[in-house]
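Everything on this sheet refers to the single structure shown next.
Along the sequence shown, the residues carry numbers beginning at 1.
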Amino acid sequence: MKKRLLETKPDCRDYPFLDPDILAQRLLDMADIGKTENGGVTRFVYSEEELKAKELFRSWMEQAGLTVRKDDVGNLYGRLEGTNPDLPAVWTGSHLDTVPDGGAFDGALGCISSLMAVEAVIEEQGRLTHPVEVVVFIDEEGSRFGGGLLGSRMAMGEVTKEDLFQMRDDYDTTAAEAMKRCGHTPNKLKHCLVPPESIEAFLEVHVEQGKQLEQTDGSVGIVHGIAGPSWLEITLKGETDHAGNTPMDMRRDAAAAAAEIMTAVEAIPAGYSSTAVATIGKLTLTPNGSNVIAGRADLIVDIRDIEEDTRDAMIRHIEQTVLDIAEKRNVESETLLQVRIPPVPVPEWLQHRMESAAQMLGLPYQYLASGAGHDAMILGRYVPSGMIFVPSVEGRSHSPEEFTELKDCLDGTALLLETLKTVGG
């Protein structure tokens with residue numbers, strides 16, 4: 001990874017107070033923690049690897065002169081006091097946990113770029129008017145206990161003590177037990193709460209995890225909204241019969257009905273908006289035999305858009321489509337909305353700050369929607385929150401092949417720095 005990362009160093013723009021060598025070395029040092037045989041990274045929340053990564057990052061923040069604290073669940077904060085300490089703080093950061101055998105940039109780049117932007121502020125002018133806090137949230141990915149975005153949700157008061165005793169990993173360890181083993185106190189969640197009025201705004205740099213920037217030669221993406229996911233569970237019940245002895249016109253085939261629904265769902269988003277998506281990524285057939293007509297099919301549709309009205313209209317459209325196809329094929333159908341999270345728009349004033357900064361730096365940019373959930377989605381429910389995307393090579397993410405060129409990492413850090421200065425005064 002080192003050789004590949006340094007290949008674009010000659011193409012890096014010259015930004016005062018931002019050193020591409022430091023950025024590259026920190027990315028490499030972090031990627032070594034939890035490195036897998038495939039060249040990926042595995043760092044689950046409350047694991048030895050995640051704790052080691054946070055300790056390394058803590059040492060970097062302390063070396064920068066930040067006041068560092070860790071809350072009772074493991075979120076890490078590094079504060080640069082403002083010239084007016086009574087003003088709300090500008091937050092910037094991301095997460096250091098990963099999916100299994102994940103990439104070296106998802107989350108880590110957001111944390112490292114935030115620290116480097118604050119270091120540049122210190123070197124250039126000492127401090128801003130507002131305090132600035134670099135934040136490392138725990139368990140954004142949800143790889144161990146499911147759900148995800150745990151640290152930001154706990155900071156905003158969206159998680160209860162009872163939730164932590166219900167969440168379990170594959171070894172039947174509860175989140176509360178894992179926290180205690182790491183020296184944290186699940187019974188003191190109220191100490192982790194952060195009043196929204198104490199936060200001026202939250203800024204997060206992230207790899208795009210898509211191909212739009214790469215295909216349009218964009219240096220940076222300014223996120224205008226984070227799509228709200230909804231999961232619609234579909235159950236189809238037909239009749240299990242012999243594949244050889246049941247004529248085609250006498251079948252109640254749940255698999256065939258599921259296939260028609262999948263094709264229909266794929267075409268629906270285009271009728272609503274360019275940012276709308278719908279995906280059936282999970283399908284279970286029962287009894288799932290090669291010579292047996294499926295008597296049951298269970299599907300989950302992931303439906304997203306940055307506009308809540310559009311997303312909800314798609315849900316209703318898909319529910320009606322399921323009814324129509326089920327009736328036509330003489331199978332029973334049920335739908336259940338499992339998850340419904342509101343989309344989070346980025347305030348226009350914050351978008352304009354990022355756009356002005358990109359123009360000042362001479363960076364090619366475009367506005368993008370975030371289809372994936374991020375900590376900014378949680379913070380955005382309570383405080384103004386914005387995201388900066390940098391290109392992902394071939395759109396790959398959540399895999400060892402995840403990669404972002406050093407020049408793009410540096411451009412994203414520079415845009416964060418200039419935005420931070422305008423928001424924090």
Do [X] and [Y] meet the criterion of a side-chain donor-acceptor pair at a distance under 3.5 Å?
{"X": "Y365", "Y": "Q359", "value": "yes"}
{"X": "S399", "Y": "E401", "value": "yes"}
{"X": "Q320", "Y": "D324", "value": "yes"}
{"X": "S230", "Y": "R311", "value": "yes"}
{"X": "H352", "Y": "S356", "value": "no"}
{"X": "E204", "Y": "S94", "value": "yes"}
{"X": "T279", "Y": "D302", "value": "no"}
{"X": "T413", "Y": "S113", "value": "no"}
{"X": "S152", "Y": "D375", "value": "yes"}
{"X": "Q209", "Y": "S392", "value": "no"}
{"X": "H130", "Y": "N84", "value": "no"}
{"X": "Q366", "Y": "T216", "value": "yes"}
{"X": "T160", "Y": "D163", "value": "yes"}

ask   = Y46 ring centre to R181 NZ or CZ under 6.0 Å, with the angle to the axis within 45°?
value =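 Geometry flag: not set, cation outside 6.0 Å or 45°.
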request  = Return the orientation label for the F403 and F105 ring planes: parallel under 30°, perpendicular over 60°, tilted otherwise.
outcome  =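 Taking F105 first and then F403, their aromatic rings stand perpendicular (interplane angle over 60°).
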ask   = Between H374 and F389, what is the ring plane arrangement, given parallel below 30°, perpendicular above 60°, and tilted in between?
value =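 H374 and F389: perpendicular rings.
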Looking at [Y] and [X], is any side-chain nitrogen of the basic one under 4.0 Å from a carboxylate oxygen of the acidic one?
{"X": "D298", "Y": "R296", "result": "yes"}
{"X": "E133", "Y": "R79", "result": "yes"}
{"X": "R144", "Y": "D97", "result": "no"}
{"X": "R329", "Y": "E260", "result": "yes"}
{"X": "E48", "Y": "K52", "result": "no"}
{"X": "K3", "Y": "E7", "result": "no"}

Within a reach of under 6.0 Å around [atom1] of [X], are more than 12 heavy atoms found that belong to other residues, nucleotides or ligands?
{"X": "E162", "atom1": "CD", "answer": "yes"}
{"X": "E266", "atom1": "CD", "answer": "no"}
{"X": "E124", "atom1": "CD", "answer": "yes"}
{"X": "E158", "atom1": "CD", "answer": "yes"}
{"X": "E37", "atom1": "CD", "answer": "no"}
{"X": "E62", "atom1": "CD", "answer": "yes"}

Residue pair [X] / [Y]: nearest heavy atoms and the distance that separates them:
{"X": "G107", "Y": "H206", "result": "N-NE2, 3.9 Å"}
{"X": "P400", "Y": "G39", "result": "CB-C, 4.0 Å"}
{"X": "T98", "Y": "G103", "result": "CG2-O, 4.3 Å"}
{"X": "A155", "Y": "N75", "result": "CB-ND2, 4.4 Å"}
{"X": "T419", "Y": "A357", "result": "OG1-CB, 3.9 Å"}
{"X": "A104", "Y": "E402", "result": "N-OE2, 3.3 Å"}

Give a yes or no on whether the backbone of [Y] and the side-chain of [X] come within a donor-acceptor separation of less than 3.5 Å.
{"X": "D169", "Y": "Y171", "answer": "yes"}
{"X": "Q351", "Y": "V346", "answer": "yes"}
{"X": "T8", "Y": "D11", "answer": "no"}
{"X": "S385", "Y": "R381", "answer": "no"}

Tell me, do [X] and [Y] make a side-chain contact under 4.5 Å, heavy atoms counted?
{"X": "L66", "Y": "Y77", "result": "no"}
{"X": "R340", "Y": "L337", "result": "yes"}
{"X": "E334", "Y": "I234", "result": "no"}
{"X": "V265", "Y": "T321", "result": "no"}
{"X": "D312", "Y": "E308", "result": "yes"}
{"X": "L6", "Y": "K2", "result": "yes"}
{"X": "R43", "Y": "M30", "result": "yes"}
{"X": "W231", "Y": "E233", "result": "no"}

Distance, nearest 0.5 Å, that separates [atom1] of [X] from [atom2] of [Y]:
{"X": "L18", "Y": "L410", "atom1": "CG", "atom2": "CG", "value": "6.0 Å"}
{"X": "F145", "Y": "L164", "atom1": "CZ", "atom2": "CG", "value": "9.0 Å"}
{"X": "S370", "Y": "H224", "atom1": "OG", "atom2": "NE2", "value": "10.0 Å"}
{"X": "R353", "Y": "L415", "atom1": "CZ", "atom2": "CG", "value": "13.5 Å"}
{"X": "D72", "Y": "L193", "atom1": "CG", "atom2": "CG", "value": "10.5 Å"}
{"X": "D29", "Y": "I22", "atom1": "CG", "atom2": "CD1", "value": "11.5 Å"}

request  = For the pair E418 and K421, evaluate salt bridge (charged side-chain N to carboxylate O under 4.0 Å, His left out) and give the outcome as yes or no after the intermediate values.
outcome  = CA-CA 5 Å; E418 294 306 319; K421 286 156 62 176; 3.3 Å; yes
query = Looking at H95, H184, M154, M179, which hits side-chain contact (heavy atoms from CB on, under 4.5 Å) with I138?
reply =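 Only match with I138 under side-chain contact (heavy atoms from CB on, under 4.5 Å): M154.
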Verdict with reasoning, D71 to H191, per side-chain hydrogen bond (donor to acceptor under 3.5 Å, both in side chains) = CA-CA 7 Å; D71 68 16; H191 296 163; over 6 Å; no
